K.L.:
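One structure follows; several queries about it will come next.
What's counted below: heavy atoms across the whole structure, side chains too, no hydrogens, waters or symmetry copies. Order of the sequence lines fixes the chain letters, A, B, ..., with proteins taken first and strands second; residue numbering starts at 1 for each chain. Since we're looking at a predicted model, the values are computed, not measured.
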Number of protein chains: 2
Amino acid sequence: MTMSQDSSALRNPATGVRDRLLEVAEQLFAERGFDGTSIRDLAAAAGCNVASVNYYFGGKEKLYGEIWRRNLHLLRDTRIASIDKVLSESAGVPCLEDLLRSFACAFIGPLVDESGGPRLIRLMAREMINPHLPASMFGDDVIRPTLSAMQQALAKVCPELPESKVPLVVFSLIGQLIHTIWVKMMQHSMDDEALAMFEPARVIDHIVAFSAAGITAYAGGVIE
Amino acid sequence: MTMSQDSSALRNPATGVRDRLLEVAEQLFAERGFDGTSIRDLAAAAGCNVASVNYYFGGKEKLYGEIWRRNLHLLRDTRIASIDKVLSESAGVPCLEDLLRSFACAFIGPLVDESGGPRLIRLMAREMINPHLPASMFGDDVIRPTLSAMQQALAKVCPELPESKVPLVVFSLIGQLIHTIWVKMMQHSMDDEALAMFEPARVIDHIVAFSAAGITAYAGGVIE
DNA sequence: GCCAGTTTAAAACAGTTGTTTTAATCAGTC
DNA sequence: GACTGATTAAAACAACTGTTTTAAACTGGC
């Protein structure tokens with residue numbers, strides 16, 4: 001019996017080789033990057049032969065693309081769903097803080113609370129810096145839809161907010177959210193007690209309050 | 001005569017091989033990453049032999065460290081100097097907006113207005129994602145000194161701001177600034193006309209106004 | 001047993017990597 | 001000229017890369 005129970009992450013050795021490859025590839029690509037992960041690394045972690053990744057996926061890059069297809073849609077859907085939920089739940093015009101908090105949680109949720117550590121963040125950061133994905137699948141499938149949905153929602157919730165300021169306000173919000181993810185990622189690598197005060201729940205409370213203040217300052221007409 | 005006038009970036013072929021290697025290495029490491037740049041790439045770009053990088057620096061990693069030593073101190077010094085300048089120029093307590101604007105300009109200045117494109121940003125992003133630098137030279141030499149200087153300055157400028165909120169406020173500010181750099185970096189790779197509205201001058205004006213509003217909301221004592 | 005078809009294993013391929021070794025060339029100084 | 005030391009060049013090294021090829025093991029049906 002060639003059960004091949006490797007020491008690494010093979011929680012279910014009964015699953016097929018193809019599924020195991022997808023599992024360990026997402027893990028290793030996130031940890032070491034696309035170029036830093038050899039096919040022999042993948043084969044060893046999945047407990048299979050080096051030829052298997054070519055057999056099942058037709059190459060290393062195809063496997064990489066297969067991993068992304070799922071995650072991108074997951075990100076976009078949860079973010080847009082969180083916006084729609086706030087807009088539909090309240091009868092009239094929703095509270096600004098509710099919109100901000102719902103979006104913030106949906107934004108960083110799938111990227112931090114995952115069990116096996118923040119894989120998606122690392123994967124995404126690496127892909128943005130040196131891409132191995134076809135063209136602008138990133139901006140088209142996630143960034144643009146999310147941005148436009150949030151901008152429309154914000155314009156609806158804050159009618160007094162000047163239209164020209166809406167993109168900038170979303171810019172500031174997303175900047176803070178991404179930075180939250182960065183810091184969370186750093187905490188995993190270097191365990192710095194000085195970063196301990198930035199646990200996500202506390203940070204989200206702050207971002208909501210801080211951003212709401214900035215927005216209402218614009219909406220108040222103090223600045224053009 | 002072996003003038004070796006390569007087609008690539010050798011503006012001054014009269015400079016020594018060591019200096020040319022430092023020059024092209026910073027360029028190539030930023031563009032393709034540490035692992036993505038071979039010693040043969042460096043040698044070709046610098047117009048020298050493959051053995052030169054080992055001869056002058058004792059290896060690829062030593063060359064990489066040498067590049068970082070300078071840039072890290074440059075970043076820290078310009079940022080802290082911008083804070084000290086604001087604190088010393090005004091007689092009494094400086095204006096909050098002045099502090100924010102000065103720090104913001106110093107923060108993103110060396111990272112965007114450089115001639116040969118935003119090399120330092122790419123270099124930094126790559127290093128944060130998969131480090132090739134000894135230990136925590138990054139946090140010790142730049143992040144921690146800059147953070148503490150800014151937090152002290154902010155506490156002095158805004159005495160009414162609750163002490164517990166100071167780190168969070170700096171967190172939001174830096175999150176927005178780093179996001180500014182990200183977007184600027186994206187504009188270089190993908191020329192998206194939708195991102196054209198985020199030119200740095202306009203974004204800095206916004207970040208100052210937005211953050212000042214958030215800070216004064218805390219300082220106003222509305223929220224504990 | 002025999003025979004498809006699918007899946008796995010091992011070896012081989014051609015190419016690249018960082019580093020070292022060996023030789024050659026260059027500058028000065030006598 | 002010859003000698004010394006620093007610098008450059010070319011070749012060789014061992015290790016690793018993604019992919020392909022070849023052969024073996026397995027599956028279910030008859």
K.L.:
Quickly work out the Y56(B) OH to dA9(D) P distance and round it to whole Å.
P.N.:
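Distance, rounded to whole Å: 10 Å.
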
K.L.:
In this structure, how many angstroms lie between the P atom of dT7(D) and the CG atom of L21(B), rounded?
P.N.:
13 Å

K.L.:
Both T37(B) and R40(A) contact DNA chain C. Which one's nearest nucleotide lies toward the 5' end?
P.N.:
R40(A)

K.L.:
Is it the case that the side chain of R126(B) and the backbone of E31(B) share a donor-acceptor pair, with hydrogens and angles ignored and the cut-off at 3.5 Å?
P.N.:
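At least one qualifying donor-acceptor pair exists.
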
K.L.:
Measure the distance from CZ on R20(B) to C1' on dT7(D) and round it to the nearest whole Å.
P.N.:
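It is 12 Å, rounded to the nearest whole Å.
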
K.L.:
Which nucleotide, dG18(D), dA10(D), dT19(C), lies nearest any side-chain atom of N49(B)?
P.N.:
dA10(D)

K.L.:
Please check the phosphate of dT17(D) (OP1 and OP2 only) for any side-chain N or O of S38(A) closer than 4.0 Å.
P.N.:
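Checking S38(A) against dT17(D): at least one side-chain N or O falls below 4.0 Å of OP1 or OP2.
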
K.L.:
Between S88(B) and K85(B) (side chain of the first, backbone of the second, donor and acceptor by atom type, cut-off under 3.5 Å), is there such a pair?
P.N.:
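Present.
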
K.L.:
Which nucleotide, dT7(D), dA9(C), dT20(C), lies nearest any side-chain atom of A51(A)?
P.N.:
dA9(C)

K.L.:
Donor-acceptor pair, distance only, cut-off 3.5 Å: does the side chain of S211(A) make one with the backbone of V208(A)?
P.N.:
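Pair absent, no side-chain N/O of S211(A) close to backbone of V208(A).
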
K.L.:
Would you mind reading off the distance between L28(B) atom CG and dG18(C) atom P, rounded to a whole angstrom?
P.N.:
12 Å

K.L.:
Looking just at side-chain N and O atoms, do Q27(A) and E23(A) make a donor-acceptor pair shorter than 3.5 Å?
P.N.:
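The answer is no; no qualifying pair exists.
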
K.L.:
Send over the distance from L42(B) CG to dT17(C) C1', rounded to a whole Å.
P.N.:
13 Å

K.L.:
Got a sec? Which of residues 58-70 of chain A come in under 4.0 Å of DNA chain C, heavy atoms?
P.N.:
none

K.L.:
Output the rounded distance in Å from CZ (F57(B)) to P (dT8(D)).
P.N.:
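Taking atom P of dT8(D) as the reference, CZ of F57(B) is at 11 Å.
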
K.L.:
Could you tell me whether the phosphate oxygens of dT19(C), OP1 or OP2, come under 4.0 Å of any side-chain nitrogen or oxygen in Y55(B)?
P.N.:
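Y55(B) to dT19(C) OP1/OP2: no side-chain N or O under 4.0 Å.
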
K.L.:
Students often get this wrong, so: under 4.0 angstrom with heavy atoms, is V53(B) touching a base, only sugar-phosphate, or nothing?
P.N.:
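No contact.
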
K.L.:
Could you tell me whether the side chains of D41(B) and S38(B) share a donor-acceptor contact shorter than 3.5 Å?
P.N.:
yes

K.L.:
Answer yes or no for K60(B) and F34(B): cation-pi contact, defined as NZ/CZ to six-membered ring centre under 6.0 Å and angle to ring axis within 45°.
P.N.:
yes

K.L.:
Does R40(A) use its side chain to pair, donor to acceptor, with the backbone of V50(A) at less than 3.5 Å?
P.N.:
no

